[in-house]
*Asks:* 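The structure is given below, and queries will be raised subsequently.
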Amino acid sequence: MKRYSAFAIAREAARNHIGWGRAWAKRPPKKRYDVIIVGAGGHGLATAYYLGRNFGITNVAILEKGWLGGGNTGRNTTIIRSNYLQDPSAAIYEKARSLYETMSQDLNYNVMFSPRGLMMLAQTEHEVRGYERTAHANALQGVETEFISARRVKELCPIINIDGPRYPVLGALWQARGGTARHDAVAWGYARACSDMGMDILQQCEVTGVRQADGKVTGVDTTLGEIGCDKLGIVVAGHSGVLAGMAGFRLPIESVALQALVSEPIKPCMDVVVMANTVHGYMSQSDKGEMVIGGSADGYNNYTQRGSFHHLEHTVSALIETFPIMSRLKMLRQWGGIVDMTGDRSPILSATPLGNCFINCGWGTGGFKAIPGSGWGFAELMAKGQSPLCDAFGLNRFTEGRFVDESVAAGVAH
Amino acid sequence: MSETVTALGGAHYAGYATITEQPARGMITLRGNLAEVAVKNAATGVAGVDMPDLRECHIVDQRGIAWMSPDELLVMVPHPEVASAVSTIQQTLSGLHSLVVDVSDARALFRIEGSGAREVLAKLCPVDLSPAAFGPGQIRRTRLGHVSAAFWMVDDSAFELVCFRSVAQYAFDLLKTAAEPGGEVGVF
Amino acid sequence: MLILTCPYCGVSGEETEFHGGGEAHLKRFGPGASEADFESYLFHRENPKGVHFERWRHVNGCGKWFIAARDTATLQVFGTYPAQTTEPPQEIRDKITAARPGWRWRDFA
Amino acid sequence: MSTRLQTGGRLIDRNQRLSFTFNGTPMTGFAGDTLAAALLGNDQMLMGRSFKYHRPRGVVAAGPEEPNALVGLGQGPRFEPNQRATTTELFDGLSAISQNHWPSLNFDIGAVNNHLSKFFPAGFYYKTFMYPRAAWKHLFEPIVRHSAGLGKVTQPGDPDRYEHFYAFYDVVVIGGGVAGLQAALAAGHAGAKVLVMEQSAHWGGRAPVDGVEIDGKPAEDWVSATLQALEDMENVTLRSRLMGAGVYDHGYLLAYERVSDHRPGTAGPRHRLWRIRAGRIITATGAIERPLSFAGNDLPGVMLASAVRDYVVNWAISPGDRTVIVTNNDDAYRTALALQMAGLIVAAVIDARPTATGALPQAVRDAGIRVETGRGIAKVKGRARVEGVALCAQAGEGAVLEEIPCDVVAMSGGWSPVVHLWSHCGGKLTWDAAQAHFRPDPDRAPADQDGAPFVIAAGAANGHLQAADTLRDAAAAGQNAAVALGRDPADGTAARANAVAEEPLLPVWIMPQGAGPDLRSKMWLDYQNDVKVSDVQLAAREGYESVEHTKRYTTLGMATDQGKLSNINGLAVLSDALGSDIPQVGTTTFRPPYTPISMAAIAGEARGDTFLPLRRTPMQDWHDANGADFEPVGHWQRPYTFRRGGEDRAAAVKREITNTRTNVGLLDASTLGKLVVKGPDAGKFLDMMYTNMMSTLKPGRCRYGLMCDENGFLIDDGVVARLDDDTFLCHTTTGGADRIHAHMEDWLQCEWWDWQVYVANLTEQYAQIAVVGPKARALLENLGGMDVSAEALPFMGWADGTLAGHPVRIYRISFSGELSYEIAVPAGQGRALWDTLLAVGTQFGIMPYGTEALHVMRAEKGFIMIGDETDGTIIPQDLGLDWAISKKKDDYLGKRGQARSHMTDPDRWKLVGLETLDGGVLPDGAYAVAPGSNANGQRKTQGRVTSTYYSPTLGRGIAMGLVHKGPDRMGEELEFARTDGTMMRARIVDPVFYDKDGEKQNV
């Protein structure tokens, strides 16, 4: 694989860049692999990468029914943070965040991780208490966050109107090393690294069946024929229910559409990521200058990846109140991504009733930021059958009522 | 009996439609089996108008009955009569499973009037307000901006709209803004 | 932006007049129920890519709960019916069969 | 140079001269001009700089597809970036500035990127800026970010108004060209209720410019006649300056009306967003001309052939003195004729096709204009402006045959239907090889709620580029739309247009066909984002094979024009590089909106006071006038405390508490939920809703109850009063009123529909005032009215009666531990009673108190608060509320959930009181640490603070918290970690800090 660097570019510039080869190889499937990962999104590719890097398992195929990185990996608002309340969440998201810090160098592919700082606005007394609690939890979890004053919020993000009118900013939970990354690059970078380790990335290869014998998976049927494997990892986000169905077990999951939009590009005016949960809106400015805005989810099952309008309406009106300069910006594009929500809104990284079949899904709105941590933990789970990062996210928790619930409010009351 | 104050003390705005908060009106929620003759009689007895059918509202001045749901009516009488009306209805329905409560104070009542009235509501409610689709005799429960509301027409150019008392100011501000001159759409 | 017709008051309104209430025809399991049954009741959902039955409340309207038969992939609505039933009415099922021959949802077809 | 012609200009009014400024330079134009036309009229061809290489950019188009001519419009709080000059109507006093350059448009430092462009191919940033690691954060990223963006940042304080409008039509026709008007006519005749919208201020589209004849008269005349006919039909509405922005599911259509952009500051809204529900949508959105890819095709002066025609015919603009036309089709010859008719020089028509023998080429030759076939442009000469072109053989590799001096190049690569709105909601496309474009596939149209196709493409938007076919197709579309909605077919015959037969075009994706790397790296596909043919080829070579990969890797089509000019050309280059057919490669997804729409229009009226409802109690005016600090609770604003004089919040809260505990306090409790539950089965129902046994409650009495969800988690609490045998009044939390009402209706309607119970939400019927404190009874007795003695109205009882002439219901319940009366009075009399209480209460030292005092007092009593002690993961058993869970009932909501292993786990954290050793106040949300750390290296914990306050009554910090096996560890000391890592020690104690035996509330 040709190593990427400024020098390589200079060399190629001299000959109009005709010397660049494929970022990832194109090979026909083998008969069988040690491990098959279904789903070449960020989580699937990261799992494969860490299987190779941490456990030397490289006889791996990653199957993708569409194009790699073509799902939610390329359809999210690229936010990276780990300021979660519950220990298991903080652990896996902080693992992910720390891996993002060095990902460009690890993969020799610039994913443009930008730890520009992330703040979650507290706009009610109830939110203030909630975020103060999170700050205390983070301090013991090794996650660097602090609860900052409204004035500090204004210093960090001058375009915020902290004086209301409807929801004044009372403070914020601030994670200085949170930020964003270039979402496509994460998938492309992992794909290139996996391919470099000899793994096969099989695009346009849809799984149509899961072959089993005496309670174990033996392989999968695909549009490219039958492929055998010792272990199967299902990492297909919004389509997990379908795959689980093929494997013969059920999931506590519902798929809904999450709304997002971007504005036209303007000169840099916001150096941080801002989340305003009271009004279900979050926003950052991309390196192209677009304001990237995330909204809330539809209240019903939806497999179309189309945006719907009324959620946008509420998100945008709230953002205009909080960021008055938004009023005369224009919306360039809106879309919807399918997110799979579990019973407690936390992910599933778990063994399944089929001994050698594992599933990684249910990331809801948290998927992108978790990619490296999820891949790291899930690879360990698949290789060793156990992983501290995954322990709390097993399927059994729904039977026992042992939830990992990040929604820190049953409703304000007085 | 001390006097009843409305949420906005009769606020008024004259734009290309006029918005006026109305004086208190006696309003009674009656829940029961609307097929029961007794229920029908109880309602019509105090309101003095015909029993409305699905999505209908019969109203004459202060008195009327609005069909709210398959098991709910809104009975309207002059405010001073509401207490007696409630007990009259309760007596008529004694022994019959039903719920009769005075909700006069829980509501704000607005009158939206003038050639622009339909348009003003069409800016705030996701409802077809063209004359072909909505007219006197009908009621529509829907949302006004972010709050629940219901409206009916008292004649060809005037609506009455009810919402909860606590959001009266919000509703009035919405209606007022929508009725500002220069905002005429001109499709009805 | 979905358009739904409330089977109680007959209003055809846009999504914002209603409130989604999740999967329909769930059988409640209470005290004494097995762990598996109780877990399924609370958490296991069909989440189909296709024909689905779901609860809606006409919240900005008559306030009634009803059930909609809808395709989650195309958003086609096959029909709505009152919530006071444990299974889809035959007439709704026929409509679905006409549009999606061989459809299946739990034990219904 | 570009100039204004002495005569002509069908859209301008030469009697209305308008003055405006561009980068501060005063200029003039005419009413009817677009800003682009007016700028050209002032010889301002250079209008901006490109995004990546900062190359000089002139206008290329005359409509919404324009990628280059983006300006900053207006000033101060009305400034708006990225406005397309081609769709901005000129008005007097308009001020515009060009974008993305420093220090000036003519001299731009950033243009250095242009000379380094060889080092910035597609995706170069993925390959570099990585080493050393710190350099990315501190050096490279700041540079990348600084160079980001196009337009200047907007300012706060937008003074304009915006609104929505809900509209309902049978048929909505998008596009006011001849196709749209013809379709509307057909649908209208069939009796359908029709809306026709046109994004610009002018009807008729291209036909009048192209000199088409319809029904024997000039298109212009047919258009005005048809408009009149439509005006006369009362079932048809015509609307200009209204753009179809997005098509959504179930026939939902967003349309964007620019009400006063052309007359800023006038009365009324600036933008109006139409939220339309349509039975059928006809997209008569026309087609967009494609550029040709030849070296230097981005120089100012290179324009679309149709745009050149538009500027000449519509606005009497001469884009330049000598024009060279380069084409692969007949249509561009119309530009030659139009230019010559305006007395301008056409140096030559360069046709890539081997031969051009159609009627239009012939007419051009007859007009004495030189026509060269089989030729292409090797490269465009000039630096900041076209100076000439070098010809070559299209079939060759670019060897220069001849150079022709010119200052305008008018190019035409054929036409692509505008399929955006067709595609937004899932409409699929089919490749039309003959015309080399994607057009809507009628068999795969977007489906509505009934599964029926609801979008119909018409005219050029449907691939019918010849006027005659356009009209036929449009008439059929209008007819079919109406018929599909059950209307009777009426006169659907189309107007007849003269049809100059056009010969087929020759698909030309790069020019010349054999161009080498050097030329390919100068062929622009995406002008705004600087994506070139060589970039797409590089992406393909590197394995970014999916069209989505290539788009994202090269940023092709991701600029503010969303690839209206570049997508098809880029796609063709990509498929060629992959050696596959264009249809196999497919297109990227079209997303709403068609062109950018203002955020403010999306928000509509929801701004400022009407952003969200703000719920007000009957006493809110008093709170406003008496120094209340509010806190939002749901949509309510509740007084947090009432400050007096120079008091800070803490001092005010302290005063309110002390006064309430020693004299009497007044609380506005109107926001508490009040649900009436009535019916023969009401008791049985409430036994399921609450963990307590409610059916045994005696009329006249009150009982505190807990509600859980099926998971067993506590969701609400409140006092239930039994009004009579089959009627209960359930109090909920402020946040709970609507939620719990819906929760009850849910269970009644969907699970126990045979139970006889009705529920009504009376929350707003009553103002509720809590009169609290040792002197509360004395105060009420002074009001005159009902007997409020301990005997007549004991603790946890209620009674109806009158107070000071008001009909009231009084509940003897206490959330503070003091003697307390909660008085419900009809809302319309709430303020009067409040005022009376304050007046009569002065002799007893009455003071109102806010929510914070309420919190502290309840904490002093060890009462839990939903949302503080609970967070959606807490069961009543965690809070020591087992006494409120009936053991006799075999079922209630949550009972099964609470039986699961994790819920019965003896290791759960349970509620205790916490007393700091130093008397200080524990930090809110602090955790009690335990020895060691877990497998993920996180410090172990054994409890947390749920509520913590300074108690003025006890003169020390008090707290409640959940602690591992807490109740069994009374007296133990715990260490609570502050965020700075230091520890605070606290002792586990009984959560009831004040009046443990409850004597005060029970007098």
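Order of the sequence lines fixes the chain letters, A, B, ..., with proteins taken first and strands second; residue numbering starts at 1 for each chain. Any value given below was found using the heavy atoms of this structure, including those in side chains, with hydrogens, waters and symmetry copies removed.
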*Asks:* Does the D:Arg615 side chain pair with the main chain of B:Ser166, one donor and one acceptor, at a distance under 3.5 Å?
*Replies:* no
*Asks:* Mark yes or no for whether D:Asp681, through its side chain, and D:Lys684, through its backbone, hold a donor-acceptor pair below 3.5 Å.
*Replies:* no
*Asks:* Is there side-chain contact between B:Ser148 and B:Arg143, with heavy atoms separated by less than 4.5 Å?
*Replies:* no
*Asks:* Select one option (side chain, backbone, both, neither) describing which atoms of D:Val757 are under 4.5 Å from chain B's heavy atoms.
*Replies:* backbone
*Asks:* Quick check: closest heavy atoms across B:Phe110 and B:Ile19, and the distance to 0.1 Å?
*Replies:* CD2-CG2, 4.4 Å
*Asks:* Ignoring hydrogens and angles, tell me if any N or O in the side chain of B:Lys123 forms a donor-acceptor pair with the backbone of B:Gly183 under 3.5 Å.
*Replies:* yes
*Asks:* Of the listed residues (D:Gln620, D:Glu745, D:His635), which shares the most heavy-atom pairs with chain B below a 4.5 Å separation?
*Replies:* D:Glu745
*Asks:* Counting only heavy atoms closer than 4.5 Å, note whether B:Glu180 contacts chain D via side chain, backbone, both or neither.
*Replies:* both
*Asks:* Restricting to non-hydrogen atoms, name the atom on D:His271 and the atom on D:Ala601 that form the minimum distance, rounded to 0.1 Å.
*Replies:* CB-CB, 3.9 Å
*Asks:* Go through B:Val101, B:Asp71, B:Asp102, B:Val187 and name the one with the most non-hydrogen pairs under 4.5 angstrom from chain D.
*Replies:* B:Asp102
*Asks:* Answer with side chain, backbone, both or neither: which region of B:Phe188 has an atom nearer than 4.5 Å to a non-hydrogen atom of chain D?
*Replies:* side chain
*Asks:* Name the option with the most non-hydrogen atom pairs under 4.5 Å to chain D; the candidates are B:Ala106, B:Ala83, B:Gly182.
*Replies:* B:Ala106
*Asks:* In terms of heavy-atom proximity below 4.5 Å to chain B, should D:Thr610 be classed as side chain, backbone, both, or neither?
*Replies:* both
*Asks:* Does this structure show an ion pair linking D:Arg239 with D:Glu257, if we count only N-O contacts that are shorter than 4.0 Å?
*Replies:* yes
*Asks:* Please classify the contact between B:Ala7 and chain D as side chain, backbone, both or neither, with a heavy-atom cut-off of under 4.5 Å.
*Replies:* neither
*Asks:* What's the verdict on ring-ring contact (aromatic ring centres under 6.0 Å, His included) for D:Phe728 and D:Phe685, showing C-alpha distance, side-chain angles and the deciding distance?
*Replies:* CA-CA 11 Å; D:Phe728 296 78; D:Phe685 174 62; 9.9 Å; no
*Asks:* Does anything in residues 21-57 of chain B reach chain D? List residues with heavy atoms under 4.5 Å apart, or say none.
*Replies:* B:Arg31, B:Gly32, B:Asn33
*Asks:* As an exercise: rank D:Lys193, D:His164, D:Arg275 by heavy-atom pairs under 4.5 Å with chain B and give me the winner.
*Replies:* D:His164
*Asks:* Between chain D and each of B:Glu72, B:Arg165, B:Arg107, B:His146, count heavy-atom pairs under 4.5 Å; write down the option with the most.
*Replies:* B:Arg165
*Asks:* Just so I know, are the side chains of D:Phe165 and B:Glu119 near enough to count as touching, which here means a heavy-atom distance under 4.5 Å?
*Replies:* yes
*Asks:* For B:Leu96, is there any backbone N or O sitting under 3.5 Å from a side-chain donor or acceptor partner on B:Ser98?
*Replies:* yes
*Asks:* Taking every non-hydrogen pair under 4.5 Å, which of D:Tyr758, D:Trp636, D:Trp274, D:Phe168 racks up the most with chain B?
*Replies:* D:Tyr758
*Asks:* Is chain D contacted by the side chain of B:Pro181, its backbone, both, or neither, given a heavy-atom distance below 4.5 Å?
*Replies:* backbone
*Asks:* At a 4.5 Å cut-off on heavy atoms, which part of D:Arg277 comes close to chain B: side chain, backbone, both, or neither?
*Replies:* neither
*Asks:* At a heavy-atom distance under 4.5 Å, which candidate from B:Leu129, B:Val167, B:Thr177 has the highest pair count against chain D?
*Replies:* B:Thr177
*Asks:* Counting only non-hydrogen atoms closer than 4.5 Å, does B:Val147 touch chain D with its backbone (N, CA, C, O), its side chain (CB onward), both, or neither?
*Replies:* side chain
*Asks:* For B:Leu124, which atoms come within 4.5 Å of any heavy atom of chain D: side chain, backbone, both, or neither?
*Replies:* both
*Asks:* Dump the intermediate steps for side chain to side chain contact (heavy atoms under 4.5 Å, CB included) on B:Thr6 and B:Leu109, then the final yes or no.
*Replies:* CA-CA 9 Å; B:Thr6 62; B:Leu109 175 65; over 6 Å; no
*Asks:* Can you find a heavy atom in the side chain of D:Tyr169 that is under 4.5 Å from one in the side chain of D:Thr237?
*Replies:* yes
*Asks:* Under a 4.0 Å threshold between the charged nitrogen and the carboxylate oxygen, would D:Asp624 count as salt-bridged to D:Arg616?
*Replies:* yes
*Asks:* Need one label for D:Tyr162: side chain, backbone, both or neither, based on atoms under 4.5 Å from any heavy atom in chain B.
*Replies:* neither
*Asks:* Given the options D:Gly268, D:Ser260, D:Ala606, D:Ala767, which has more heavy-atom pairs under 4.5 Å with chain B than any of the others?
*Replies:* D:Gly268
*Asks:* Look only at the side chain of D:Arg487 and the backbone of D:Gly191, and say whether a donor-acceptor pair between them is shorter than 3.5 Å.
*Replies:* yes
*Asks:* If you measure from the Lys or Arg side-chain nitrogens to the Asp or Glu carboxylate oxygens, is any gap between B:Asp105 and D:Lys674 under 4.0 Å?
*Replies:* no
*Asks:* Chain D heavy atoms under 4.5 Å from B:Val103: which part of the residue, side chain, backbone, both or neither?
*Replies:* both
*Asks:* Tell me, side chain or backbone of D:Glu163 under 4.5 Å from chain B's heavy atoms, or both, or neither?
*Replies:* side chain
*Asks:* In terms of heavy-atom proximity below 4.5 Å to chain B, should D:Arg831 be classed as side chain, backbone, both, or neither?
*Replies:* neither
*Asks:* Is there side-chain contact between B:Met153 and B:Gln138, with heavy atoms separated by less than 4.5 Å?
*Replies:* no
*Asks:* Identify which part of D:Leu614 has an atom lying under 4.5 Å from any heavy atom of chain B, answering side chain, backbone, both or neither.
*Replies:* backbone
*Asks:* For D:Tyr166 and B:Val127, which heavy atoms make the closest approach, and how far apart are they?
*Replies:* CB-N, 4.4 Å
